[in-house]
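Worksheet for the structure shown next.
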Protein chains: 2
Amino acid sequence: MQDSDTRKKPDQPSAQPASRPRRSDATRAAILAAARERFAADGYERATIRAIAKDAGIDPSMVMRYYGSKEGLFAAAADIDLNLPAPMELRIQPAEHADPARTADVGRFLVSHFLDRWEQDEVLTALLRVGATNPAGAERMQQILKDQIGPVAARVCPDPADAPRRAALVASQVLGMALARFVLRFPLAVEMSKEEIVDWLAPTVQRYLTAPEP
Amino acid sequence: MQDSDTRKKPDQPSAQPASRPRRSDATRAAILAAARERFAADGYERATIRAIAKDAGIDPSMVMRYYGSKEGLFAAAADIDLNLPAPMELRIQPAEHADPARTADVGRFLVSHFLDRWEQDEVLTALLRVGATNPAGAERMQQILKDQIGPVAARVCPDPADAPRRAALVASQVLGMALARFVLRFPLAVEMSKEEIVDWLAPTVQRYLTAPEP
DNA sequence: TATTGTTGCCAACAAGCGTTGACCAACAGG
DNA sequence: CCTGTTGGTCAACGCTTGTTGGCAACAATA
């Protein structure tokens, strides 16, 4: 899902789903990488197509040809997969027993996973920065919450009916920490070790997901 | 602190600290109000001086005359007072007894107060939006955290030495919820009632502030 | 080899931005 | 009354932005 392209001119209207490699694939990838870096560092407006093109070592007009517009470029760059485990896998860990505390430590796992994910892929910071000022970015985040975090919550929380609310609570804590650490760069949020953060946030997330009531 | 001006031409170099009212005070206030609205709605880059001036019903050049530059305007508009109670007042509530759980419900009070504050004053949303893309905005937020939340944490948490860390944790949860509810406008974060949010977040904040260890 | 599509650069466009300085109207103090 | 200060508009500046079309070089196909 990550490197999907917005390819034009579908040669065979109903042919193979993955189009064969092109000579320009390296350039496309360079543009995408530069775009992620710039969006992460500067946000949507200040990440100019000219700057991105310069980073990628090509002409600005190429960006337009391959991605149509700045919005198209962002859409391609912000195609994110959180790599969350399929919900079923979560139940396996603590063997197979009844309702209370279905998964021993979803909270711990999730917080740790998110921190790793954020540190290794700047596109998450990019999406967070852009989402704060750009409607399309905010919508994309909302979609990720719904499609990728929601299902996990649905499997783990007591009443699947209010899984969305649980997911939103989890998102508020995780995004808040990401904001403080990777976007605003509060010194104290930056200096804390990953383990320390996990120790503090895991019980919170665990409670948001599994507590029967506040 | 809220409506501080960047007044030029100090007539008497060492005269009264508060200058007398001017004929243009209404215009200044209109500009500031429009600026807060635009910054909150659009972020720093897309909130143009021209648009702000139009909202205020005056010429763009007036903004420059009264606030020097766009940065100056933002600095004036983002002069924020969280209205947190002086730390001493917090200790009074549960009478006067020893260490464990100094204040019965700081968490509940803080979450409720922040939600109120955010709802009634759009400048908080403005600062959050701008802080995500603008270094000056991020620095301002950091300063508010240090000067206004830090002291509260220092009085309430077990070891005043790591009050800053406690404050950062609290900020991560509170800012995260503000981000989800007021900036990204996740439907489920918007639909939840204020009481519901307080019920969920209060224990978290309480723990971040008063728990002896994670 | 001739033709056709792909890859890339260059120069330019129109629009929008923050910012500036000239200029006029209204008021204030003597 | 005049005179200087203040409040405000207007038109323009220099610059950057996203975006476009033309044109040369290369690769692939026939």
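All chains are named by letter (A, B, ...) in the order of the sequence lines, taking the proteins before the strands, and each is independently numbered beginning at 1. Note that the structure is a prediction, hence the values are computed from the model and not measured.
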query: Do the side-chain N and O atoms of Thr204(B) and Gln173(A) include a donor-acceptor pair separated by under 3.5 angstrom?
result: no
- prompt: Atom CG of Asp42(A) to atom C1' of dT17(D): distance rounded to whole Å?
  reply: 15 Å
query: Where does the angle between the aromatic ring planes of Trp118(B) and Phe182(B) fall among parallel (under 30°), tilted (30 to 60°) and perpendicular (over 60°)?
result: parallel
field: Interatomic distance where CZ belongs to Phe74(B) and C1' belongs to dG18(C) [whole Å]
entry: 17 Å
message: Can you tell me which nucleotide in dG8(D), dG18(C), dG7(D) comes closest to the side chain of Arg22(B)?
response: dG7(D)
With sequence neighbours excluded, residues passing ring pair (Phe, Tyr, Trp, His ring centres under 6.0 Å) with Phe186(B): none
- request: From the options dC9(C), dT19(D), dT9(D), select the nucleotide whose nearest atom is closest to the side chain of Met62(A).
  value: dC9(C)
message: Quick check: do Met177(B) and Leu169(A) have side-chain heavy atoms less than 4.5 Å from each other?
response: yes
- line: Assert: residue with more 5' nearest nucleotide on DNA chain C, out of Glu45(B) and Arg23(B), is Glu45(B)
field: Rounded distance in Å - CG (Asn134(A)) to P (dG18(D))
entry: 13 Å
- line: Testing dT19(D), dT9(D), dG8(C) for proximity to the side chain of Arg65(B), the answer is dT9(D)
- prompt: Rounding to a whole Å, what distance do you find between Ile31(A):CD1 and dC9(C):P?
  reply: 10 Å
- prompt: Distance check: side-chain N/O of Ser24(B) vs OP1/OP2 of dT6(D), anything under 4.0 Å?
  reply: no
- request: Measure from OH on Tyr44(B) to C1' on dC17(C) and round the result to the nearest Å.
  value: 12 Å
Ring-face cation of Arg28(A) near Tyr66(A) (centre distance under 6.0 Å, axis angle within 45°): yes
- prompt: What about Arg50(B), does its side chain sit under 3.5 Å from the base of dG18(C) through a donor-acceptor pair?
  reply: yes
query: Do any of residues 125-133 of chain A sit with a heavy atom less than 4.0 Å from DNA chain C, and if so which?
result: none
- prompt: To the nearest angstrom, how far is Tyr67(B) atom OH from dT19(C) atom C1'?
  reply: 18 Å
Presence of salt bridge, Glu119(A) and Lys194(A), under 4.0 angstrom: no
Residues from residues 54-61 of chain A lying under 4.0 Å of DNA chain C - heavy atoms: Ile58(A), Asp59(A), Ser61(A)
task: Find out whether Gln206(B) and Arg108(B) are in side-chain contact, i.e. whether some heavy atom of one side chain is under 4.5 Å from a heavy atom of the other.
output: no
- prompt: For Met64(B) and dC17(C), what is the distance between atoms CE and C1' respectively, to the nearest whole Å?
  reply: 11 Å
message: Under 4.0 Å between a side-chain nitrogen and a carboxylate oxygen: does that hold for Glu196(A) and Arg165(B)?
response: yes
message: Check whether Asp121(A) reaches the backbone of Leu124(A) with its side chain - one donor and one acceptor, N or O, closer than 3.5 Å.
response: no
message: Measure NZ/Lys70(B) against C1'/dT19(C) and give the value in whole Å, please.
response: 12 Å
